Amino acid sequence: MAKEPRPVEELSLWDDAQAMITKARAEGIDTVYERLQHQTPHCRICEQGLSCRNCTMGPCKITAKAPRGVCGADADVVVARNFGRFVAGGSAGHSDHGRDLIEVLEAIVTGETTDYKITDEPKLRRIAEEVGVTVAERDVKAVATDLLEVFFGDFGSRKKQISFLSRVPQKRKDIWKKLGMTPRGVDREIAEMMHRTHMGCDNDAPNTMIHAARTSLSDGWGGSMIGTELSDVIFGTPSPSMSEANLGVIKEDKVNILVHGHNPVVSEMILAAARDPQIIAEAKALGATGINVAGLCCTGNELLMRQGIPMAGNHLMTELAIITGAVEAVVVDYQCIMPSLVQISGCYHTRFIDTAQKARFTGAIHFDIHPSNALEQAREIVRLAVKAYSERDASRVDIPCEPVKIMTGFSNEAVISALGGTLDPLIQAIVAGDVRGAVGIVGCNNPKIKQDSMNVTLAKELIKKDILVLVTGCVTTAAGKAGLLVPEAIEMAGPGLKKVCGALGIPPVLHYGSCVDNARILQLCAALANALNVDISDLPVGASSPEWYSEKAAAIGLYAVASGIYTHLGHPPNILGSETVTNLAVSGLEDLVGASFVIEPDPVKAAELFDIRIKAKRKGLGLSE
Ligand code: BF8
């Protein structure tokens, strides 16, 4: 029997989402919510991480009646192996993204492309110096050539440790060394994770988990950090600017192009092509007033941070944005792109365009984009969108709201510059207790959770307690829609945060970028710890991913914990089938790395837990409340 559709008020916090789910239902279009209903109840054994498909003696299900798989693996081994592979998948995603940026830098240096250039040369020189490249009196291309060799090397097998460990406090490095957790090379740790979890290898759950942590560290301090830093070098280091968010950024009178995915390499070119006066004139000739590029998910965050483009939405808005009926093209690179977008685009005049050989979608229009042809291909894509505008069915257009204002662009460089060139004022504010601590709220939406309800409530609760919030990824649009990303949001903050942010003219919730940019938060924590001569685990900081769903989010959570940051998840990964693995995650890691996960579905209670943690850490540093 078909299940009754769930009331839209239970599915999302937002009016724009609820309106579009209602429209989709009226038009007979299934979204993620219907598909979730069709898929539930989920298999309990899989949910607990107790199913194993790693060999063909199985697949096996570990149960009370059959406590070991055919090979003899018990619940602990199966759960740890599954979790290890889950983290490897996430680390691979972020880090392969980082590698693509190195390849673009290489194409710039060799002259293979002129579409991209080195935009922030001082930053290139600064990071080159940090990782041991000789910089003084050398031409920028020579420095860049050496730097890309160092970064390519960070993916390989020849190093004892990845380059950006130069940023990690010594106490943290000592912990990693003692545990055998020092990340050596990104590809090496990922490959070793796959090896260890092959049948007959690592059959000791805690040992597997240590390597999962090492793998995630190679992402956080390796692939992701390289991705962020080189994106800044190539496209510019973000600085504060204003923009807008929600489905109201889609414009009825314009050709609307949504960029979706993660890597700015393609989306930056789409934006450049959409600003080409010749193509704008072609759009106007068809009756549009211009071309509007808006962002979805993390490629949206990348362009929002650097170019100020508006955000149409986060993960669970990607289908709903198309349902406005006013989107001419969705242009994607990779990651977090629901395959359903192809079918939903097909219900309208919307062109769905994929651009990466490693992320093809059946039914999509494919453009094979490389550094050497990027801008020319982007122009063709934008022209396709312009042409589609003439096919738009005005009777099916519904843009359900007006956009809200948001402030963006908080790179560490921008923050330090706003503070007068050093972190000292921030440290003084922490010491004085005006800023009691900081929490990064990161990650996704998950249709199992009312969209953005936890993301927003947690952020609001924390700022009330004078805890500064940094947001990345899909929490950005959530915070923006809730009015938290504007300076006026200090009215929702506690007195200390209100004073500090008010004086600086910044919001109490700072947009720190995409998910890959969580590396910026790691770098900030390391810089604070180094300045205070303590470990990261001594700082009054935390991390949270309330509505996470992806392998990448698991990798982020684990590298945060392994870096010494107490990390909240709104729901558990599929590990509850093993007491050993679960206990390690929520308490045992505290003894090993000075931080652990905490699972708490109630965001108000989660904020209280952060409060307790921050109090304890402040006390440990000798700071009063
Ligand atoms: O890259 S786009 S859904 S995985 S948070 Fe989550 Fe959003 Fe994906 Fe992180 Ni960014």
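For ligands, and for the atoms within them, numbers begin at 1 and follow the listed sequence. What you see is a predicted model; the values in this text were computed from it and never measured. If you read the sequence from its start, that first residue is 1, and numbering goes on from there.
From the protein, the heavy atom lying nearest to atom 9 (Fe) of ligand 1 is C515 SG, 2.4 Å. With hydrogens left out, the protein atom closest to atom 7 (Fe) of ligand 1 is C474 SG, 2.3 Å, a heavy atom. The single protein non-hydrogen atom nearest to atom 6 (Fe) of ligand 1 is C444 SG, 2.4 Å, given as residue, atom name and distance. The protein heavy-atom contact nearest to atom 10 (Ni) of ligand 1 is C298 SG, 2.3 Å.
When heavy-atom distances to ligand 1 are checked against a 4.0 Å cut-off, W548 has no atom that comes that close, whether in backbone or side chain. If you look at H262 next to ligand 1, the close heavy atoms, those under 4.0 Å, all belong to the side chain.
The aromatic rings of H262 and H97 sit perpendicular, their planes meeting at an angle over 60°, well past the 30° parallel limit.
Within 6.0 Å of CG on D15 lie no more than 12 heavy atoms contributed by other residues, nucleotides or ligands.
Of all atoms in ligand 1, listed by their number and element, those nearer than 4.0 Å to a heavy atom of C336 are 2 (S), 3 (S), 4 (S), 8 (Fe). For ligand 1, the atoms closer than 4.0 angstrom to any heavy atom of G443 are 5 (S), 6 (Fe). Less than 4.0 angstrom separates some heavy atom of S550 from each of these atoms of ligand 1: 4 (S).
The residue from D517, N301, T477 that alone fulfils the side-chain hydrogen bond (donor to acceptor under 3.5 Å, both in side chains) condition with H511 is N301.
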Under the ring pair (Phe, Tyr, Trp, His ring centres under 6.0 Å) criterion, do F361 and H366 qualify, and how do the steps go?
-> CA-CA 8 Å; F361 292 73; H366 179 64; over 10 Å; no

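Taking the six-membered ring for Trp, Y566 and F597 have ring centres at least 6.0 Å apart.
When only modelled atom types and interatomic distance are considered, E547 and Q451 share no side-chain donor-acceptor pair under 3.5 Å.
Of the N or O atoms in H315, none lie within a sub-3.5 Å distance of an N or O in ligand 1.
Both tests pass for R167 against the ring of F164: distance under 6.0 Å to the centre and angle within 45° of the axis.
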